[in-house]
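Below: one structure, written as structure tokens.
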Amino acid sequence: QGSDSPPNPILLAFLACVLTFIANILGAACVLLMAGISNRTLNLIMGVAVGLMLAVVCNDLVGAALHDAKAQGMGKFAWVPLLVGFIAAVLLLLLFDWIVHKFYDRMGANKPAFQEMETRGLADDEAALQNEETNAEETEARMRGARLFVF
């Protein structure tokens with residue numbers, strides 16, 4: 001291939017997959033190595049992840065969708081399919097959320113401690129928090145076991 005030819009798209013896709021794989025492995029290793037991480041730190045990490053995903057959507061996918069709609073001759077109404085798709089996605093997520101909650105309610109799954117506090121009242125708050133701390137300790141013990149298994 002000459003220096004003027006574009007890069008091979010299959011090679012670029014392969015490199016993107018390898019980089020994604022390495023990023024996932026490094027992320028999983030960080031999770032396994034961080035024992036006793038606070039909820040505040042977890043919230044920060046999830047906030048950064050959500051921000052990155054929204055940036056990808058806004059910068060890449062929305063622009064590409066608008067460009068494709070304009071290329072198909074939609075003119076100044078190119079935003080309509082984008083808006084319809086966005087609303088459909090939100091409704092689909094709400095439907096899935098409703099289905100999952102119904103499933104857990106029928107299965108009798110345990111509610112998170114904060115929901116238990118809301119439904120049972122303030123008298124049982126301390127017992128609910130104690131239950132949450134016990135679950136956190138069990139999770140930490142499992143993570144230590146997983147780290148020993150992996151390494």
Side-chain angles (χ1 to χ4, degrees), residues 9-10 12-72 74 76-151:
I10 294 176
L12 290 177
F14 177 74
L15 288 175
C17 289
V18 169
L19 288 174
T20 304
F21 174 76
I22 291 171
N24 280 312
I25 294 297
L26 291 175
C30 289
V31 169
L32 288 175
L33 295 175
M34 297 174 84
I37 190 168
S38 70
N39 283 342
R40 190 173 191 167
T41 305
L42 284 175
N43 289 340
L44 177 69
I45 292 170
M46 287 189 288
V48 170
V50 167
L52 288 172
M53 287 186 271
L54 283 174
V56 167
V57 168
C58 292
N59 291 328
D60 292 337
L61 298 178
V62 171
L66 286 173
H67 180 268
D68 289 348
K70 286 179 183 176
Q72 292 178 359
M74 296 208 66
K76 65 180 183 177
F77 295 106
W79 56 271
V80 173
L82 185 67
L83 181 65
V84 169
F86 181 78
I87 291 171
V90 168
L91 292 175
L92 192 63
L93 286 174
L94 289 173
L95 175 69
F96 286 156
D97 187 53
W98 180 78
I99 289 170
V100 167
H101 282 289
K102 289 295 180 186
F103 175 75
Y104 278 118
D105 287 345
R106 286 192 181 152
M107 296 296 292
N110 292 333
K111 293 181 180 179
F114 70 89
Q115 287 180 343
E116 289 179 12
M117 288 181 218
E118 291 174 0
T119 57
R120 294 187 314 188
L122 296 175
D124 296 329
D125 286 358
E126 195 169 308
L129 288 173
Q130 180 87 21
N131 185 26
E132 188 175 281
E133 289 172 1
T134 303
N135 290 340
E137 291 170 0
E138 291 172 0
T139 302
E140 187 176 331
R142 282 190 300 232
M143 291 302 288
R144 278 195 302 265
R147 264 186 265 133
L148 291 175
F149 178 75
V150 171
F151 299 106

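The first residue of the sequence shown is numbered 1, and numbering continues consecutively from there.
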Side chain to side chain donor-acceptor pair (under 3.5 Å) involving Asn43 - partner list, sequence neighbours excluded: none

Grab the two heavy atoms, one from Ala65 and one from Leu82, that are nearest each other, plus how far apart they are. CB-CD1, 3.9 Å

Heavy atoms only: give me the nearest Ala69-Ala78 pair and the separation to one decimal. CB-O, 3.6 Å

When the side chains of residues 16-34 are checked against the rest of the protein, which donor-acceptor pairs come out under 3.5 Å, sequence neighbours left out?
from: Thr20; atom 1: OG1; to: Ala16; atom 2: O; distance (Å): 2.8
from: Asn24; atom 1: ND2; to: Thr20; atom 2: O; distance (Å): 3.1

Ile10, CD1 atom: more than 12 neighbouring heavy atoms under 6.0 Å: no

For the atom pair NZ (Lys102) and CG (Asp97), what is the distance rounded to the nearest 0.5 Å? 11.5 Å

dist Met74:CE -> Asp68:CG (nearest 0.5 Å) comes out at 12.0 Å

